[in-house]
Number of protein chains: 2
Amino acid sequence: MNTSLAITNRSLHDQVANRVRDLIIEGVLEPGSRIDEAGLIEELGVSRTPFREALRTLAAEGLVIVRPSKGSVVRKLTPEDVFAMLEVLGHLEQLAGELACARATDREIAELADLHDRMLDHYRTRDRMPYYKLNQEFHSRLTELSKNETLQDMQRNLQARLKRIRYIGNQRPEYWAGAVEDHEAMVVALKARDGKRLGQAMAQHIANTWDRVKDSI
Amino acid sequence: MNTSLAITNRSLHDQVANRVRDLIIEGVLEPGSRIDEAGLIEELGVSRTPFREALRTLAAEGLVIVRPSKGSVVRKLTPEDVFAMLEVLGHLEQLAGELACARATDREIAELADLHDRMLDHYRTRDRMPYYKLNQEFHSRLTELSKNETLQDMQRNLQARLKRIRYIGNQRPEYWAGAVEDHEAMVVALKARDGKRLGQAMAQHIANTWDRVKDSI
DNA sequence: TAGGTGCATTTTGTATACACGTAGCAAAAA
DNA sequence: TTTTTGCTACGTGTATACAAAATGCACCTA
């Protein structure tokens, strides 16, 4: 097992991929804009080879599009794209919910409930950023409880691609309240280990997400 | 519009990625074995740069694993991996089935039924290879009918990663018969546009697939 | 003989140079 | 004035060279 004190020593292209991924998610690199290879390698202080390898990774993840001989652009999501992705994400999280109820330990469920409580604290004080961060973690952790590696990979991928949009989506207070309610229902179902209900709740939560974000794309 | 007679002019790394992907799927490169960079670039007649970019793509697809400074290996699937992937694939195809019933045109449904009939012909004459190829196409086409791009991407990805195993799985005649029955049920449900039933049938089909392949991993 | 250390070889990782394709602009012709 | 054609500059694609890390082997020591 590869734990704690191992020196990560990640390869350059991995680091570059992570860095550029963040730049895209944070919106520093705007959707639809060309990726200035020369400019970025200058700024990151790396050469073209690892940078281009990183680009290929991001392309496979669906964050950028490489057009042969025409350079790369940050993928711009159409409303249709977002809808399609949410449709799939909703279904995946439904599965995750069902599996979690069947496979999670009591301890794991308690930990997630804890996390939810901390989210509520942030909600009460209206601290959007910490709430948002915990929210990402909530969904990730719940998916982990499915104990299905592939499911986690795909959930992570979709979550990353939708990150920006979901952040924008929860701007309006009434939307935020709705999201919190959804989560409440999810935690109740999980505690009761009611797989069907949790699955429904998660699918519904994602469906609601569409309503919350559709106007801000 | 970029139609028919455009010269594809795909970049080298794309071609390499496709080629190596096939080599892995066909089993020429055995699961768990190291990928001999020097040897392969020799054989493919390309240099290291495009080859390594291709590797990064395949890594993102989950077909190979790159260990920093230690080279790449063809990912070997454990039974747990396969089970997890089928669990997800089943759920995705369930969604695909439901959406297809809602969104496909009559013509598209008829075409798929046609494809199914051709599969039956191959089944009757026990032509495994052409049956197998049509089978892949059947699932791809049905997923297309969902009109959900993301869903198609993910289905394609999982299908590619499982390709070998599913081919091995249908060796035994009684298994093959079972798979044909599953398909029969799917086509009936699709024709009736009974989304729930088609979804169930597809999920069941994938679940059955696990029984068919689990002993040959 | 077993275990460890250091060196040599092989393999991987990164940088850079060169070649090719694309796009934009200017000049000429209609 | 508009369209077409050729040239140029820029950016991308590929190859290769160099650097760093890892593996394997021989030799030394306990």
N/O contacts under 3.5 Å, protein versus nucleotides 8-11 of chain D?
from   : atom 1 : to      : atom 2 : distance (Å)
D:dG11 : O3'    : A:Arg34 : NH2    : 3.2

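- Atom CZ in B:Arg48 sits about 9 Å away from atom C1' in C:dT14, given to the nearest Å.
- Among the candidates B:Met85, B:Glu61, B:Gln152, the single residue satisfying the side chain to side chain contact (heavy atoms under 4.5 Å, CB included) test with B:Asn157 is B:Glu61.
- Residue A:Glu37 contributes atom CD, which lies 13 Å from atom C1' of C:dA15 at whole-angstrom precision.
- Computed from coordinates, the A:His13 NE2 to C:dT12 P distance equals 12 Å when rounded to whole Å.
- At whole-Å resolution of the value, CD1 in B:Ile35 and P in C:dT11 are 15 Å apart.
- Where A:Ser72 and B:Val46 each meet DNA chain D at their nearest nucleotide, the meeting point lying more 5' is that of A:Ser72.
- Put simply, the side chain of B:Thr49 and the base of D:dT16 share a donor and an acceptor less than 3.5 Å apart.
- Remark: A:Arg141 fails to qualify as a cation-pi partner of A:Phe138 under the 6.0 Å distance and 45° angle criteria applied to the six-membered ring.
- OP1 or OP2 of D:dA15 has at least one side-chain nitrogen or oxygen of B:Ser47 nearer than 4.0 Å.
- Environment of CD in B:Glu26: crowded, with over 12 heavy atoms of neighbouring residues, nucleotides or ligands closer than 6.0 Å.
- The main-chain N or O of A:Thr78 is found under 3.5 Å from a side-chain atom of A:Asp81 such that the two form a donor-acceptor pair.
- With hydrogens and angles ignored, the 3.5 Å screen pairs a side-chain donor or acceptor of B:Arg67 with a backbone N or O of B:Lys70.
- Remark: side-chain polar atoms of B:Ser33 are not paired, donor with acceptor, to backbone N or O of B:Leu29 under 3.5 angstrom.
- Distance, A:Glu53 CD to C:dA15 C1': 12 Å, rounded to whole Å.
- A cation-pi geometry, defined here as NZ or CZ lying under 6.0 Å from the six-membered ring centre and within 45° of its normal, does not hold between B:Arg128 and B:Tyr131.
- In this entry the distance linking CD1 of A:Ile41 with P of C:dT14 reads 14 Å, nearest Å.
- When the C1' atom of C:dA19 is taken as reference, atom CG of B:Leu12 falls 13 Å away, rounded to whole Å.
- For the pair B:Leu40 CG and C:dT12 C1', the interatomic distance rounds to 15 Å; values are reported in whole Å.
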